[in-house]
Novice: 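Sending over a structure as structure tokens; questions will come in a sec.
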Amino acid sequence: MVRTRFAPSPTGYMHIGNLRTALYAYLIAKSQRGAFILRIEDTDRERYMETAVSVIFSSLESAGLKWDEGPGVGGAYGPYTQSERMGEYVRWAEALVEKGMAYYCFCDKDRLKTSREQNAQSGYDGRCRSIDRNEAAERVKRGEPHVVRQLIPEGVSVFHDAVYGDITIDNAELEDQTLLKSDGMPTYNFANVIDDHLMNITHVVRGAEYLSSTPKYNLLYDAFGWRKPIYIHLPHILDEAGEKLSKRDGSASFQDLLDMGFLPEAVLNYIALLGWSPRENKEFFTLDELVEAFDINGLSKAPAIFDAVKLKWMNGEYIKKMPPEVFYALARPYLENTVTREGVDLKTLAEMMRTRVEFVKDCAEPLDFIDRLPDYSAELYRHKKMKTDEKNSLISLESVVAELEAIDDWSENAVHEALITLAEKLGVKNGRILWPARVALSGKQSTPCGATEILALLGKEESLRRLKIGVDKLRVCP
RNA sequence: GGCCCGUUGGUCAAGUGGUUAAGACACGGCCCUUUCACGGCUGUAACAGGGGUUCGAGUCCCCUACGGGUCACCA
């Protein structure tokens, strides 16, 4: 059975690239009816943030990525938080020392620094390799500060990556990396291998930054005689400048995106397509559809640039596809805040806005004229295509007022009918009547609905009041 | 700098030796239309450069350029 894992480190917010890694790990597992595991890699005590753990949970939850095993849900391979698995790491590190594939190192920070300076190419010079095994054990027992290092043998490492193909790296490029830190905690590289093996992970899905250190992992698997997983490295997501996506872009974290008003489904859909493309030429996917369509062959090798403009478009598309009740439920708080006029149906307004917004939160501002007529300039009456100006608008408005004052039935159909026949009577195009009316009623350059809808919305009394204000405004125009 | 990886329109991308080199976003035009949107139609725009291999190369090989990654007691 395919088993993948998402193994974040709780050191801050959920980067969008991380979320995409989680998504792909999830899809790879689920598309094969496998299991998706969540493991918390909290071995860095200095960078650890308690709140970051809940950020991970809530991000995955709002993205809909349910983990089959992990914190909160348990599983046969727990615990799933590395700080609770310390015994394993120490035990296996010692086993490695026994096998002669790792050794105790007593070099302190200063010594490491000078070693690197002299030995810039290959990092640590391996001085402690030559310490006698018994002597080293003795020094450890005495409590001398030490780390455990992996012994990298000479030779050449070759491995296969499902995305990048065969990769060859000379072991001379690899350093004798630290496995166990002096505080007794394992490094990421070590704990990762131990847990992936112990948790029976079959496919390791992670960012491309691990590509060049993969041979170190494989050397560890080999040293233990363990079966190596299938590697799936993912290209990075970059910002508009082609640099690593950072907080500065204001869109680096999933949470930021949600706070900005993006819908989780839209974000997930968008990032799924950043670095992967389906066989079929299709771009709207629910999570289940992604599971259905996902194929490792569609993963790309080149980094992708995060395009907020396209995400916005996609968010708008999701809004357009929403059932009216769903959109209304989301829009209602904003609408209630802006439109309080009696008799106005907010549901109708919500439907008006559906096709006009990319964010739910933008649904109210265009409707602010309903409560109060804004102070507007008479220049608004000038419109080239409608062939209107201050002069003929005055004439139009005066006749509109006269026509509407006489009307008793104030339904949308009735007022529309009245204005159309008025235009006919005057022998002008509809626009000559309707543009000035809309301006007088709304005081805005553009509105999400036309003059007749606004009339119906405002009611007779308020409509006529506004139309008369328009007439007055135009009368004083030179 | 060494090593690893990458490079198709501004962006996401299809393309697996023979295509008029898809599609989407963005941008422009037209249509619809009582404004703004929506919707429909349409246009501009790409194989980083140079050498090979081949009857034939975006697709295979080499070099160059550019970009990214990595070289921690961080993950």
Side-chain angles (χ1 to χ4, degrees), chain A residues 7-11 41-44 46-47 105 107-109 112 116 120-124 145-149 161 163-165 167-170 172-175 177-189 191-192 206-215 233 235-236 238 240 242-244 270 273-279 281-283 297-298 300-314 316 320 352-357 366 380 383 385-386 416 419-420 423 429-439 442 444-454:
Chain A
S9 185
T11 54
E41 309 230 333
D42 56 348
T43 56
D44 185 347
E46 283 175 27
R47 295 205 301 159
C105 170
C107 296
D108 62 18
K109 288 232 157 75
L112 254 26
R116 291 218 170 78
Q121 304 304 38
S122 50
Y124 180 62
H146 65 277
V147 301
V148 175
R149 280 185 190 278
D161 180 88
V163 173
Y164 290 94
I167 292 173
T168 305
I169 289 173
D170 192 325
E173 295 295 326
L174 275 22
E175 183 181 43
Q177 69 173 341
T178 302
L179 266 21
L180 239 42
K181 308 180 215 177
S182 55
D183 64 1
M185 291 294 239
T187 57
Y188 165 87
N189 294 301
N192 212 254
R206 53 168 39 157
E209 68 270 26
Y210 295 107
L211 216 38
S212 41
S213 55
T214 297
H233 286 95
H236 287 147
L238 311 176
E240 275 91 345
E243 319 243 323
K244 218 168 168 176
Y270 175 71
L273 265 19
L274 261 192
W276 173 77
S277 73
R279 279 181 192 289
N281 193 4
K282 173 182 166 177
E283 61 184 346
N297 291 316
S300 65
K301 303 178 193 189
I305 291 172
F306 183 90
D307 182 5
V309 173
K310 186 153 187 182
L311 210 211
K312 278 184 199 153
W313 165 80
M314 186 162 267
K320 279 174 216 150
M352 262 174 202
M353 297 308 299
R354 275 274 296 296
T355 58
R356 297 167 217 262
V357 293
L380 276 188
H383 193 282
K385 214 174 144 197
M386 298 294 122
H416 182 252
L419 293 180
I420 298 304
K429 288 200 166 181
N430 293 344
R432 274 280 286 280
I433 299 295
L434 295 167
W435 173 267
R438 215 201 86 254
V439 169
S442 69
K444 298 187 101 175
Q445 174 80 31
S446 68
T447 50
C449 50
T452 53
E453 286 106 318
I454 301 177

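So you know, we letter chains A, B, ... as the sequences are listed, proteins then strands, and number each from 1. The analysis underlying the following values was restricted to heavy atoms, covering all of them including side chains, and did not include hydrogens, waters or symmetry mates.
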Novice: Using whole Å, report how far CG of A:D44 lies from C1' of B:rC73.
Specialist: 10 Å

Novice: Would you measure the distance from the C1' atom in B:rG67 across to the matching atom in B:rC60 and give it in whole Å?
Specialist: 23 Å

Novice: Mind calculating the distance between CG (A:L179) and C1' (B:rA75) to the nearest angstrom?
Specialist: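 About 15 Å, once rounded to whole Å.
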
Novice: Map A:L434 and A:N281 onto RNA chain B by nearest heavy atom, then report which one ends up closer to the 5' terminus.
Specialist: A:N281

Novice: Atom CG of A:D42 and atom P of B:rC74: how far apart are they, to the nearest Å?
Specialist: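 Those two atoms, CG and P, are 14 Å apart.
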
Novice: Expressed in whole Å, how much space separates the P atoms belonging to B:rC38 and B:rG49?
Specialist: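 Rounded to whole Å, the distance is 36 Å.
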
Novice: Compare side-chain N and O positions of A:S212 against OP1 and OP2 of B:rU70 and report whether any pair is under 4.0 Å apart.
Specialist: no

Novice: Measuring only the C1' atom in each nucleotide, how far is B:rC30 from B:rU44? A whole number of Å is fine.
Specialist: 15 Å

Novice: Counting Watson-Crick and G-U wobble pairs only, both distances under 3.5 Å, name the nucleotide matched with B:rC55, or none.
Specialist: B:rG18

Novice: With respect to A:R356, which candidate in A:P448, A:S446, A:C449 satisfies the side-chain contact (heavy atoms from CB on, under 4.5 Å) definition?
Specialist: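 Of the listed residues A:P448, A:S446, A:C449, the side-chain contact (heavy atoms from CB on, under 4.5 Å) partner of A:R356 is A:P448.
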
Novice: Just so I know, are the side chains of A:L273 and A:P278 near enough to count as touching, which here means a heavy-atom distance under 4.5 Å?
Specialist: yes

Novice: Base, sugar-phosphate alone, or nothing: which one does A:R206 contact when heavy atoms must sit under 4.0 Å apart?
Specialist: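 Counting heavy atoms under 4.0 Å across all strands, no contact is made by A:R206.
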
Novice: Go through B:rC5, B:rA75, B:rG68 for me and flag the one nearest to the A:I167 side chain.
Specialist: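 Nearest nucleotide to the side chain: B:rC5.
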
Novice: Specify the separation, in whole Å, of atom NZ of A:K109 and atom C1' of B:rC74.
Specialist: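 About 12 Å, once rounded to whole Å.
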
Novice: Using the test side chain to side chain donor-acceptor pair (under 3.5 Å), find all partners of A:D307 that sit at least two apart in sequence or belong to another chain.
Specialist: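 With neighbours one apart ignored, the set is empty.
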
Novice: Apply salt bridge (Lys or Arg N to Asp or Glu O under 4.0 Å) to A:K310 and list each qualifying residue two or more places apart in sequence or on a separate chain.
Specialist: A:E283

Novice: With the side chain counted from C-beta on, respond yes when A:N430 and A:I420 share a heavy-atom pair under 4.5 Å apart, and no when they do not.
Specialist: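 A side-chain contact under 4.5 Å exists here.
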
Novice: Side chains of A:P366 and A:M353: closer than 4.5 Å at any heavy-atom pair?
Specialist: yes

Novice: For a quick check, with a 4.0 angstrom heavy-atom cut-off, what is the B/S/- contact string for nucleotides 35-45 of chain B, read 5' to 3'?
Specialist: BBBS-------

Novice: Find the distance between NE2 (A:H383) and CZ (A:R438) and round it off to the nearest 0.5 Å.
Specialist: 8.5 Å

Novice: Restricting to side-chain contact (heavy atoms from CB on, under 4.5 Å), what partner residues turn up for A:K444, sequence neighbours left out?
Specialist: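 So A:K444 forms a side-chain contact (heavy atoms from CB on, under 4.5 Å) with A:E365, A:D368, A:F369, A:P374, A:S442, A:T447.
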
Novice: Nearest-Å distance, CG (A:L211) to C1' (B:rA75)?
Specialist: 16 Å

Novice: Under the rule for side-chain contact (heavy atoms from CB on, under 4.5 Å), what residues qualify as partners of A:S182, not counting sequence neighbours?
Specialist: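 Result, side-chain contact (heavy atoms from CB on, under 4.5 Å) vs A:S182: A:V147.
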
Novice: For A:K429, I'd like to know if atom NZ has over 12 heavy atoms of other residues, nucleotides or ligands within 6.0 Å.
Specialist: no

Novice: Could one point to a donor on the side chain of A:Y124 or the base of B:rA72 with an acceptor on the other under 3.5 Å away?
Specialist: no

Novice: Check every strand shown and say whether A:L238 touches a base, only sugar-phosphate, or nothing at a heavy-atom separation below 4.0 Å.
Specialist: nothing

Novice: Counting only side-chain N and O atoms of A:K429, is one of them less than 4.0 Å from OP1 or OP2 of B:rU33?
Specialist: no

Novice: Give one of base, sugar-phosphate or nothing for A:T168, where a contact means two heavy atoms less than 4.0 Å apart.
Specialist: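 Sugar-phosphate, no base atom in range.
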
Novice: Checking all strands, does A:T187 fall into the base, sugar-phosphate, or nothing category for heavy-atom contacts under 4.0 angstrom?
Specialist: sugar-phosphate

Novice: Is A:V147 touching bases, backbone alone, or none of the nucleic acid, heavy atoms closer than 4.0 Å?
Specialist: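 Base, at least one base atom sits under 4.0 Å.
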
Novice: Taking CE from A:M314 and C1' from B:rA26, how many angstroms apart are they, rounded to a whole number?
Specialist: 14 Å

Novice: May I have the distance from A:E41 (atom CD) to B:rA75 (atom C1'), rounded to whole angstrom?
Specialist: 8 Å

Novice: Considering only atom C1', compute the distance from B:rG9 to B:rG52 and round it to an integer number of Å.
Specialist: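 Result for the C1' pair: 28 Å, nearest Å.
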
Novice: Quick one, A:Y164 and A:P235 - any side-chain contact, counting heavy atoms below 4.5 Å?
Specialist: yes

Novice: Only pairs with both distances under 3.5 Å count, Watson-Crick or wobble alike; so what is the partner of B:rC32 in this structure?
Specialist: none

Novice: Classify A:D170 by what it touches in the nucleic acid, base, sugar-phosphate, or nothing, heavy-atom distance under 4.0 Å.
Specialist: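 Result for A:D170 = nothing.
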
Novice: Between P on B:rU70 and CD on A:E209, what's the gap in Å once rounded to a whole number?
Specialist: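 Rounded to whole Å, this separation is 6 Å.
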
Novice: All N/O contacts under 3.5 Å from nucleotides 6-13 of chain B to the protein, with atom names and distances to one decimal?
Specialist:
unit_1: B:rC12; atom_1: OP1; unit_2: A:I305; atom_2: N; d: 3.1
unit_1: B:rC12; atom_1: O2'; unit_2: A:L273; atom_2: O; d: 3.2
unit_1: B:rA13; atom_1: OP1; unit_2: A:G275; atom_2: N; d: 2.4
unit_1: B:rA13; atom_1: O3'; unit_2: A:S277; atom_2: OG; d: 3.4

Novice: According to the interplanar angle, ranging from 0 to 90°, do the rings of A:Y188 and A:Y210 count as parallel (below 30°), tilted (30 to 60°) or perpendicular (above 60°)?
Specialist: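 Answer is parallel, since the angle falls under 30°.
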
Novice: Ignoring hydrogens and angles, answer whether the base of B:rU34 and the side-chain atoms of A:T452 contain a donor-acceptor pair closer than 3.5 Å.
Specialist: yes

Novice: Give a yes/no answer on whether the side chain of A:T43 brings an N or O atom under 4.0 Å of OP1 or OP2 in B:rC74.
Specialist: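 It does not, given that no N or O in the side chain of A:T43 lies less than 4.0 Å from OP1 or OP2 of B:rC74.
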
Novice: What distance, rounded to whole Å, do you find between the two C1' atoms, one in B:rC12 and one in B:rA46?
Specialist: 13 Å

